[in-house]
Structure formats: structure tokens, C-alpha cells
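Working notes for the structure below.
Per chain, numbering begins at 1; letters A, B, ... match sequence-line order. No hydrogens, no waters, no symmetry mates; every other heavy atom, side chains included, goes into these values.
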Number of protein chains: 2
Amino acid sequence: MVQIVANPAGPKALARKLEILRSASYAFGERGYHETGMRDIASDLGMTVGNLYYYFANKQALLYFCQDETLNGLLDLAAWVGDNAEGAAERLFLLIVGHVICINEGVPGSLAHHDVEALEASWRAKIVRKRRRYELALRTVIEDGIRAGVFAKTDVKVAALAILGAANWTVKWFREEGGLGARAVGEGFAGQLVRGLLRPGARFEPPNIQVPVFGGL
Amino acid sequence: MVQIVANPAGPKALARKLEILRSASYAFGERGYHETGMRDIASDLGMTVGNLYYYFANKQALLYFCQDETLNGLLDLAAWVGDNAEGAAERLFLLIVGHVICINEGVPGSLAHHDVEALEASWRAKIVRKRRRYELALRTVIEDGIRAGVFAKTDVKVAALAILGAANWTVKWFREEGGLGARAVGEGFAGQLVRGLLRPGARFEPPNIQVPVFGGL
DNA sequence: ATATAATTTGAACCATGGTTCAAATTGTGG
DNA sequence: CCACAATTTGAACCATGGTTCAAATTATAT
């Protein structure tokens with residue numbers, strides 16, 4: 001019987017797939033997608049390389065699922081912020097904090113490397129589509145802030161790109177050991193980026209509520 | 001006679017090396033370092049793949065020289081800003097604008113991917129050392145601003161990282177065709193990031209001087 | 001015109017790493 | 001205990017792409 005299954009339905013399959021995804025995501029974050037081989041991932045998991053192909057069609061599938069999970073986490077974050085904060089400045093603050101936490105503690109590394117070049121076209125399209133939905137949510141918060149007079153009039157696209165850049169680049173350098181945690185980094189970023197958008201004279205204090213960790217595998 | 005020269009001194013050598021570096025830098029920016037093959041670079045230049053090795057020892061050398069040139073451009077930028085602007089807010093503004101221009105119009109793509117993982121250890125050390133000098137220059141400007149009372153007291157390292165993140169991430173999405181130029185993007189970012197650091201009540205208007213393009217190959 | 005230097009070619013070599021798969025092992029139900 | 005399903009193994013296969021180099025071509029100096 002043909003051996004390659006790549007979507008097994010046995011009792012251990014789901015747990016095993018999540019275990020593999022966590023390990024792959026961590027490795028991609030630490031070493032980079034290209035510097036991480038399937039033998040490395042297998043070795044980290046204490047299995048042999050052929051076994052990975054029982055659960056996943058290929059290496060790109062691993063990357064795709066990691067990125068997809070991250071984006072699901074970011075979209076969940078956006079929905080949570082919409083439900084749990086009112087003012088645009090508060091919402092933007094929480095989005096930024098949640099974003100940094102999601103990509104550094106939720107699913108480390110796999111979105112922010114943005115290595116969609118390594119994905120084949122239909123998977124890349126799916127990832128890009130989810131990214132766009134999230135970026136739209138971000139821009140909507142900024143536009144709401146301008147409309148409400150909390151933010152000064154500004155180029156919304158540029159403002160959103162600055163925020164995404166600051167947040168996404170954290171996967172290049174953030175490491176948990178020593179120093180500040182992801183939440184503290186996120187709060188520092190959010191303070192600066194939100195204050196940078198305020199209408200002169202507008203007041204802002206960081207909100208009291210704490211963002212959950214979204215996107216955990 | 002041994003064919004591999006990799007540092008030829010003939011009359012055409014320097015011009016050819018710069019031509020190769022420009023083409024490689026562009027390709028690395030467009031496609032990513034790993035997705036760009038030596039055959040691709042050769043083909044873009046209308047030469048054959050073996051010829052590249054007459055001028056450069058290996059693929060990593062191409063990456064190293066591109067990144068080194070970008071960092072030289074950023075260090076030149078920092079020096080120019082020190083010579084041509086006085087106030088910390090003005091200096092920071094110009095640094096951010098110049099940074100975005102340097103990495104998108106000067107030497108596209110090769111620093112901001114930060115793909116130093118792909119470099120061997122001694123080259124990586126050189127790149128990281130130059131990067132640190134530039135980041136120190138950036139932090140010094142922020143510290144000067146805090147000391148002068150222009151910026152509010154803040155975590156300087158976090159503020160610098162937000163700035164570097166926003167600026168460096170631009171190579172992931174910035175494309176010259178259509179839309180805003182690098183200078184306009186940089187000015188939008190700089191406005192937001194500098195204003196985000198100001199002491200409440202401090203005034204700031206973008207400076208009138210225009211940053212040159214540093215780092216051009 | 002000729003000798004020498006510089007530059008280019010392009011096929012071949014080679015290591016790497018993604019992927020396959022027959023056989024083996026382990027788990028589970030009757 | 002046995003049959004079958006699920007899972008694992010690990011050597012082999014194979015494509016890719018970095019690199020080499022003998023030979024050829026072009027450029028330059030005499």
C-alpha cells in the first residue's frame with residue numbers, strides 16, 4: 001500500500017502534527033526557513049526524517065501551516081480588540097502589543113520572516129489574503145482614530161506600515177532570555193507608535209487591560 | 001595557470017565587480033537571497049555562471065559586499081546627520097528618512113533582510129560590528145534628545161528597535177513603481193516615530209534640509 | 001603580426017537536502 | 001493469540017544549485 005499519507009486520521013495524528021508544527025516553527029524562527037532542514041526538524045523531535053512525510057506533504061506545508069496559524073492568531077487578536085476596547089488609541093495600543101506577543105510567543109518566527117516566496121502559489125495566495133484582512137483591520141482602527149479626532153490627519157497606509165514594520169521585525173532580534181519580555185517590548189513600541197499619531201493636545205494613557213496570547217500552537 | 005582569481009586587477013575588473021554587485025543586490029532584494037541562484041545573477045548580467053567566480057570567491061561574498069556597502073552608507077548617513085543637523089529631533093528625523101532611502105534606493109534589499117545567517121562567521125562578525133556602530137549612533141541621538149528635554153524619558157533600546165524595525169521592514173514591501181517614493185515613506189515614518197518620543201508639550205516640525213542618498217553602488 | 005594578459009565559457013563535478021518507500025515495529029480490537 | 005491498522009525507520013533516490021577549471025576568446029602591449 002502506498003506509504004505516504006500526509007493527513008493521517010489515527011488517534012495520535014493530531015497531537016503529533018501539532019508537536020511537529022511547534023518544533024518546526026521554533027526552528028524556523030531560530031535558524032531561518034532555509035537554514036532549517038527536514039533532518040534538523042526530525043532530529044529535534046527525536047524521529048527520523050521519513051516520518052515527517054507521514055504527517056505533512058512537504059516542507060512548504062510546514063511553513064504554510066505555521067504562517068496560517070500565526071495569521072489566525074492575529075485575526076483573533078483583532079477581533080478581541082474590537083470586542084474589548086472602545087477608543088481608537090486604546091485599540092491600536094492593544095493591537096500592537098498583541099501582535100508582538102503573538103509572533104514571538106504564540107507562533108515564533110513563521111509569519112514575520114514573511115518568507116512567502118518559499119510557498120507555492122495557491123498557499124501563498126491564502127496567506128497573503130489573510131495578511132491583507134489583518135492589515136485592513138489595523139488601518140480601520142487608524143482611520144477611526146482620525147475620524148474621531150484622536151489621531152491627527154495622516155497617511156493611513158504609511159502609518160500602518162510603520163507599525164507592521166516595527167512589530168514584525170521583532171522576530172529578527174527578540175529572544176526571551178534576559179532582557180525584556182515580548183509584552184514589555186510591545187508596550188514600549190505601542191506607546192511610541194500611538195503617541196506618534198495623536199492629534200496635538202490629545203491625551204492618551206495606556207489601557208489597563210492585558211492582551212491574551214493569541215496564536216499558540 | 002589556476003583560473004580562479006576572485007580579486008582581479010585588470011582594467012575592467014572594478015567596473016565589472018560593481019556591475020555584478022548592483023545586479024546581485026537588486027536580485028537579492030527582489031527574490032530573496034536563497035531564491036536567487038548564481039545562474040540567475042549571471043543570466044541577469046548576460047554572462048555565464050563561471051564568470052562570476054572570476055570576480056567573487058563565492059555567493060556569500062556577494063551578499064557580504066552588498067551588506068557591507070549598505071552599512072557603509074548608513075554610517076556615512078549618521079556622520080552627515082551629525083554634521084548637518086543640530087537638534088536631536090531633527091537629527092532623528094533625518095536619520096530615519098536617510099535610512100529608508102539608503103536601503104531601498106542605495107543598495108536595495110541586502111541589509112534589511114538581515115540574512116547574516118547565510119554568512120560565514122568572520123564576515124558575519126564584521127557586518128554585526130558595523131551594524132552595532134550604526135545602532136549606537138541612533139541610540140546616542142535618542143539619549144541626547146532625552147537629556148536635552150526634547151524627548152520624554154523612555155527605554156532607549158526599545159525606541160531604537162521600533163525605529164529600526166519600521167525602517168528595515170520596508171525592504172519587504174517597498175517597490176518604486178507607483179505609490180510613494182522612499183523619501184515620502186521615510187518622512188511619514190520619521191514624523192510618527194519622532195513625535196512618538198517627544199516630551200508632552202515639546203514642539204517639532206520636520207527640518208527643511210534634504211538627506212542625500214547614501215550607499216549607492 | 002605576435003606574445004602575453006585578461007576575461008569568458010559552459011560542461012562537469014559534487015554536496016546538500018527534499019522526498020520516497022519497502023520493510024519493520026508498535027498499537028489496537030476481537 | 002492473531003489480524004489488521006497505524007506509525008516509524010533509514011537507506012536510497014534525485015533535483016538543485018554552488019563551484020571548478022581546461023580551453024577558448026578577447027584585449028593589450030610590443
Side-chain angles (χ1 to χ4, degrees), chain A residues 1-21 23-25 27-28 30-66 110 115 117-120 123, chain B residues 1-21 23-25 27-28 30-66 110 115 117-120 123:
Chain A
M1 182 184 195
V2 172
Q3 196 63 11
I4 300 165
V5 179
N7 195 23
K12 290 172 60 181
L14 180 57
R16 208 50 162 149
K17 286 183 76 166
L18 288 176
E19 189 183 2
I20 291 169
L21 280 174
S23 190
S25 176
F28 290 156
E30 287 297 300
R31 304 177 189 131
Y33 175 73
H34 289 282
E35 280 74 27
T36 304
M38 296 297 272
R39 286 167 182 79
D40 299 319
I41 295 168
S43 176
D44 290 347
L45 286 154
M47 63 171 60
T48 59
V49 68
N51 199 198
L52 291 175
Y53 294 87
Y54 181 75
Y55 295 98
F56 292 93
N58 51 38
K59 190 184 184 188
Q60 283 196 11
L62 285 175
L63 180 64
Y64 170 74
F65 281 112
C66 290
S110 36
D115 285 332
E117 302 93 12
L119 289 175
E120 56 96 2
W123 278 347
Chain B
M1 184 184 193
V2 171
Q3 195 64 11
I4 300 166
V5 179
N7 196 24
K12 291 174 60 179
L14 180 56
R16 211 46 165 151
K17 287 184 76 168
L18 288 176
E19 190 184 1
I20 292 168
L21 281 175
S23 190
S25 176
F28 291 155
E30 287 297 300
R31 305 177 190 132
Y33 176 74
H34 290 282
E35 280 73 29
T36 305
M38 297 296 272
R39 286 169 181 78
D40 298 321
I41 296 168
S43 175
D44 289 347
L45 286 154
M47 63 171 58
T48 60
V49 67
N51 199 198
L52 291 175
Y53 293 87
Y54 180 74
Y55 295 98
F56 292 93
N58 51 37
K59 191 183 183 189
Q60 280 195 12
L62 285 175
L63 180 63
Y64 170 76
F65 281 110
C66 290
S110 36
D115 284 332
E117 302 93 13
L119 290 173
E120 56 96 0
W123 278 347

Atom [atom1] of [X] to atom [atom2] of [N]: distance rounded to whole Å?
{"X": "B:Lys12", "N": "D:dA27", "atom1": "NZ", "atom2": "P", "result": "6 Å"}
{"X": "A:Tyr54", "N": "C:dA24", "atom1": "OH", "atom2": "P", "result": "18 Å"}
{"X": "B:Leu52", "N": "D:dT20", "atom1": "CG", "atom2": "C1'", "result": "13 Å"}
{"X": "B:Tyr33", "N": "D:dG17", "atom1": "OH", "atom2": "P", "result": "13 Å"}
{"X": "A:Asn51", "N": "C:dT25", "atom1": "CG", "atom2": "C1'", "result": "12 Å"}
{"X": "B:Leu14", "N": "C:dT7", "atom1": "CG", "atom2": "P", "result": "11 Å"}
{"X": "B:Leu63", "N": "D:dG18", "atom1": "CG", "atom2": "P", "result": "12 Å"}

Do [X] and [Y] have side chains that get closer than 4.5 Å, going by heavy atoms?
{"X": "B:Lys59", "Y": "B:Leu52", "result": "no"}
{"X": "A:Leu21", "Y": "A:Phe56", "result": "yes"}
{"X": "A:Glu19", "Y": "A:Met47", "result": "no"}

Please determine, for the side chain of [X], which listed nucleotide ([options]) has the closest atom?
{"X": "B:Met47", "options": "D:dT7, C:dT7, C:dT9", "result": "C:dT9"}
{"X": "B:Tyr55", "options": "C:dT19, D:dT7, C:dT7", "result": "C:dT7"}
{"X": "B:Lys59", "options": "D:dT7, C:dT19, D:dG18", "result": "D:dG18"}
{"X": "B:Val49", "options": "D:dA11, D:dT19, C:dA6", "result": "D:dT19"}
{"X": "B:Asn58", "options": "D:dT9, D:dT19, D:dT7", "result": "D:dT19"}

Describe the nucleic acid contact of [X] in one word from base, sugar-phosphate, nothing, applying a heavy-atom distance below 4.0 Å.
{"X": "A:Phe56", "value": "nothing"}
{"X": "A:Ala9", "value": "nothing"}
{"X": "A:Gly50", "value": "base"}

Using 0.5 Å steps for rounding, measure from the CG atom of B:Leu62 to the CD atom of B:Gln60.
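One finds 10.5 Å between CG of B:Leu62 and CD of B:Gln60.
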
Separation of A:Thr48 OG1 from A:Tyr53 OH (nearest 0.5 Å):
11.5 Å

OP1 or OP2 of C:dT19 less than 4.0 angstrom from a side-chain nitrogen or oxygen of A:Tyr53, does that happen here?
yes

For DNA chain D, which residues in residues 34-46 of chain A have a heavy atom at a distance below 4.0 Å?
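The stretch gives A:Arg39 as the residues lying under 4.0 Å from the strand, ordered by number.
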
Between A:Ile20 and A:Asn51, is the side chain to side chain contact (heavy atoms under 4.5 Å, CB included) condition met? List the steps.
CA-CA 10 Å; A:Ile20 291 169; A:Asn51 199 198; over 6 Å; no

Candidate pair B:His34 and A:Glu35, rule side chain to side chain contact (heavy atoms under 4.5 Å, CB included), full reasoning:
CA-CA 10 Å; B:His34 290 282; A:Glu35 280 74 27; 2.8 Å; yes

